[in-house]
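Structure first, commentary second.
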Amino acid sequence: MGDNKDLFLLDGNSLLHRAFYALPESLETSQGQCTNAVFGFTKMLLRLIEEQDPNALAVAFDLKGPTFRHEEYQQYKAQRKETPDKLKPQFAMVKEVLAAFKIPVLELEGYEADDIIGTLARVGEKEGYAVTIVTGDRDALQLVTEQTEIMYTKRGISNIINYDLAAVREEYELEPQQLIDLKGLMGDKSDNIPGVDGIGIKTATKLLHEFDSLEEVLANIDQVSGKKRKENLTKQAEQARMSKSLARIELEVPLDYDLQNFTLTEPDQEQLIEVLGKLEFNSLLQELGGYETLSFSDQGQLITELTEVEDLVTKLKQVAKFSFNFNFSNTELYRQEVEGLAIACSAEEAYYLDFNELATTKVLALLKECFKQEEIAKLSPGAKENVLFLKESGIELAGLSFDPLLADYLLQPSAKEYSLAELVQTHLQHELAEDYSLVQEETAAVRVLFELEEILEEELVQRDLLELFKEMEVPLVAILAELELNGIMVDRLELERLSAALAEKLEEISEQVYELADEEFNLNSPQQLGDILFEKLGLPVIKKTKTGYSTSASVLEKLKDQHEIIPLVLEYREYQKLKSTYVDPLADLINPQTQRIHSSFNQLVTATGRLSSTDPNLQNIPIRTEAGREIRKVFVAEEGHQLLAADYSQIELRVLAHISGDESLIQTFIEEEDVHTRTASEVFGVAPAEVSYQQRRRAKAINFGIAYGISPWGLAKDIDVSQKEAEDYINQYFERYPRVKDYMDQSIEQAKEEGYVTTLLNRRRYLPEIKSSNYHRRSFAERMAVNTPIQGSAADIMKLAMLAVAEELKQEQLQTKILLQVHDELVFEVPKSELGEVEEMIKAKMEGVIDLATPLVIDLKIGANWRDMEELALE
DNA sequence: ATCCCCTGCAA
DNA sequence: TATTGCAGGGGAT
């Protein structure tokens, strides 16, 4: 006694269940095997070992089949739902993990994990251990003693509460053993233990305070207050005794374990790597440093002499392909500092060209021919940055054939991020270690590409994604690099004027607001604003957020007439948004040399295949309000040029018409009718000419809603009608466009059966949660199943258009530049001399890029800046 | 510093 | 409790 030995006993069943419900079922291996519970459990186990450093640890499990409790009471746990199908196989997995950790697994026929744990806890106490029981089951609290405490996972698996003797006494006002009596009296719904009718926790606790134990209560029923209660206790005395007996954790399970064998030792490293690898727990593997290190030593050769570069060039001209990657240091805004270049001719032969020793321009001059030669295939990780740097250096890379990150994006479009290190881990089972020398590190990154190309392209072939990869995504890299390099010119003076004007207005409005509020506060703080509006001014609360009152525009809109402060706040919000999100940040991103802004267009972000834009995001520049639209004035065409905007008219609805095959919808577009008016006419049953403004507006919302996987609730909120009314509209819509309804059902069905949905060009999105038992998650996945083929196909079409237009511009040696892509719109900068030719070419190329059941129509606009643009009528 | 929440901008 | 994104400011840690 008294020495510091700790014994940890884990309730495997309880913890695995907890983990299962706490983590998304979408946590699965690439084979679709759900691993969320194992992951959660393993993570918790690791944390436990690290933080608590126990001497001994074991995990107990229930076995299938009846226990001694069932013999006593057939209904025991009878109402328990069956273990979910996705959880069942995870028990075997977790046992493999435990085996690798050399942690004993305890099970015994006829007993629950609780009983095994209880018995061993007592044995441990006798042998002088401080015992800790880890479980998500409160029943275990009856086991608490001076020497035994419980770690209870309150919610999920990370929120843990420790119960020692004092904590149990405080919470229940009872001794731990009395918790058994408590259950005898009050029962337990979750285990189907009956207890005594009419006795809940309050009464049970009171009775136990008075009589100490169930037996004493029953022996003194005459002293219990309340006639009905007496009656129930008398009648159900036997049931109470049985309940108590069921609730008692067995402490004398016949076990022949020797606690000596529970001593925690080093895991079986090899087995652990295998198991965690199989489960694809890469982050855990990394934490454990479980990967062997590739023997990269003296495979990468450092080059510091120009003569060596010349030799390399000779070599490169003879190979069929090579991989390369620049080593960028600080990714400064306008200036990419480049430290070196790694090049590999094969997985075994790689070089690092150190630009601190070599003149960058000289090296590039030597390599230029190799980079430009189409016949030599190039592999590059994060190719866009590399292509962009070469472009800046005046070299047009040709023959780009593989980027591992891009391949991974098509294979796992919903991943959070893509990294070479991660790919190397999963597919090559090696660590791209960071503790190498710079040369080895950089060369390793290009050496691995050859093997990754083979593995990932095989995967792409199997999923019918290779063509999309080779013909679309890889060629698009160069175009995106071009967009970024081109940038768009910004009128800095105009920007400063805007900023000053907004500042002045904000100042003015905020003063009025403070006046009305009779105090100064931070108008940018929703919290403070909420206090002022709903407490100080007593305005009615429309909606609450998790943290307080909602002050969103939709709420304020409803309060507009209630207090003159509201319109001012709305106005303030609008200007503040414009100034802080658009005007001021834009100024910082102008390249002072060129007066242009060079946004990043990211190809690896969206789950649907769209592009995204950052630094700044040029895909969400305001347009809907007059004040917002002002911002567009600062984006201008260079001297002697015009901006040309080409946008696909109603592309998503045309795509929907095509993939659903709905005749009526197709006809709308063939006849080039106004689609919203037509929908209004169908849904509201009036002639197209009779459609009112409001009806068209509502129909527009319905059309949008359809593409998003509409719900009555969402539509109702959007157009501010009752949910019932929205439901009627939707039903009417489906009546009129039955094939659209069929499409939605089929898409969801496909996701359920195949696990994914596809776009026109075969892009995939996996939707594992479509089978989730959680209503919200399942519904969400269903809406994605409806929306992704629509949004994704439109994205495919736009990418095709970019390729076609860029190709033609190059072919015809036109000076017109592509500047921006905004999902359904491309913005070009056109020399005035090229205008006529380019307008026609762009319209034709974009409209003719794919053949659908509906025509594709491009609207063209032209102007000196992005705000003042005029429709162009070609024909 | 970093993260989460609320808000709001676009297609 | 409508799809896909990016980003600012406030505020807690």
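Below, chains carry the letters A, B, ... as their sequence lines are ordered, and counting in each starts from 1.
Taking side-chain N and O atoms only, A:Arg573 has a distance below 4.0 Å to OP1 or OP2 of B:dG8. Side-chain nitrogen and oxygen atoms of A:Thr547 include at least one within less than 4.0 Å of the OP1 or OP2 phosphate oxygen of B:dC6. Residue A:Thr606 places none of its side-chain N or O atoms closer than 4.0 Å to OP1 or OP2 of C:dT4. Taking only side-chain nitrogens and oxygens, A:Arg783 never comes nearer than 4.0 Å to OP1 or OP2 of C:dT1. Considering only side-chain N and O atoms, A:Gln619 lies nowhere under 4.0 angstrom from the phosphate OP1 or OP2 of C:dT4. A close approach under 4.0 Å does occur between a side-chain nitrogen or oxygen of A:Thr545 and OP1 or OP2 of B:dC6. Between A:Ser550 and B:dC6 there is no side-chain N or O to OP1 or OP2 distance below 4.0 Å. Between A:His823 and B:dA10 there is no side-chain polar atom (N or O) within less than 4.0 angstrom of OP1 or OP2.
Atom OH in A:Tyr582 sits about 6 Å away from atom P in B:dA10, given to the nearest Å. In this entry the distance linking CZ of A:Phe704 with C1' of C:dT4 reads 13 Å, nearest Å. For A:Leu653 and B:dA11, the CG to C1' distance is 12 Å, given to the nearest whole Å. For the pair A:Ile631 CD1 and C:dA7 P, the interatomic distance rounds to 15 Å; values are reported in whole Å. Going from atom CG of A:Leu506 over to atom P of C:dG8 covers 17 Å, rounded to whole Å. Whole-Å rounding puts the A:Arg777 CZ to C:dA2 P distance at 16 Å. Atom CG of A:Leu586 is separated from atom P of C:dA7 by 11 Å (rounded to the nearest Å). To the nearest angstrom, P of C:dG9 lies 7 Å from CD of A:Gln576.
Note that A:Arg765 lies outside the cation-pi zone of A:Tyr756, set by a 6.0 Å cut-off to the ring centre and a 45° limit from the axis.
Residue contacts shown for A:Arg765 are limited to sugar-phosphate atoms, with no base heavy atom under 4.0 Å away. Note on A:Phe780: only backbone sugar-phosphate atoms sit closer than 4.0 angstrom, heavy atoms only; bases stay farther off. If you check every strand for non-hydrogen atoms under 4.0 Å, A:Val605 touches sugar and phosphate atoms only. Residue A:Ile623 is in sugar-phosphate contact alone, with no base atom involved, counting any heavy-atom pair closer than 4.0 Å across all strands shown. Here A:Ala607 lies in heavy-atom contact (under 4.0 Å) with sugar-phosphate atoms only. Note on A:Ser613: only backbone sugar-phosphate atoms sit closer than 4.0 angstrom, heavy atoms only; bases stay farther off. Within 4.0 Å of A:Thr551, counting heavy atoms only, lie sugar-phosphate atoms of the nucleic acid but no base atom. Residue contacts for A:Gly709: at a heavy-atom cut-off of 4.0 Å it reaches no nucleic acid atom on any strand shown. Residue A:Ala553 is classed as a sugar-phosphate contact, given heavy-atom separations below 4.0 Å to backbone atoms only. Residue-level contact check: A:Glu574 touches neither bases nor backbone, having no heavy atom under 4.0 Å from any strand. In this structure, A:Ile710 reaches the bases: a heavy-atom distance under 4.0 Å links it to at least one base atom across the strands shown. Among the atoms of the strands shown, base atoms are found under 4.0 Å from some heavy atom of A:Asp718. Residue contacts for A:Asn620: at a heavy-atom cut-off of 4.0 Å it reaches a base atom on one of the strands shown.
Electrostatic pairing of A:Glu735 and A:Lys741 does not count as a salt bridge here, judged by no charged N lying under 4.0 Å from a carboxylate O. Ion pairing between A:Glu484 and A:Arg596 fails under the 4.0 Å rule for side-chain N and carboxylate O.
Residue A:Ser419 comes nearest to A:Leu405 through the heavy atom pair C-CD2, 3.7 Å, listed as atom of the first residue, atom of the second, then distance.
Checked by distance alone, A:Gln791 brings a side-chain donor or acceptor within 3.5 Å of a matching partner on the base of C:dT3. Between the side chain of A:Asn617 and the base of C:dC6, no donor-acceptor pair under 3.5 Å is found. Side-chain to base pairing of A:Arg624 with B:dA10: no donor and acceptor N or O lie closer than 3.5 Å to each other. Remark: the A:Arg610 side chain and the C:dT4 base include a donor-acceptor N/O pair separated by less than 3.5 Å.
Distance noted for atom C1' between C:dA2 and B:dC4: 24 Å (whole Å).
From A:Leu559, atom CG reaches atom OG1 of A:Thr551 across 10.5 Å, with rounding to the nearest 0.5 Å.
When each of A:Thr608 and A:Pro616 is assigned the nucleotide of DNA chain C bearing its nearest heavy atom, the one mapping closer to the 5' terminus is A:Thr608.
Using bins of under 30°, 30° to 60° and over 60° for the plane-to-plane angle, the ring pair A:Tyr514/A:Phe521 lands in the perpendicular bin.
C:dT3 has its base stacked against the ring of A:Tyr708, the centroids being under 5.5 angstrom apart at an interplanar angle below 30°.
Within the 4.5 Å cutoff, no side-chain heavy atoms of A:Gln512 are placed close to those of A:Glu564.
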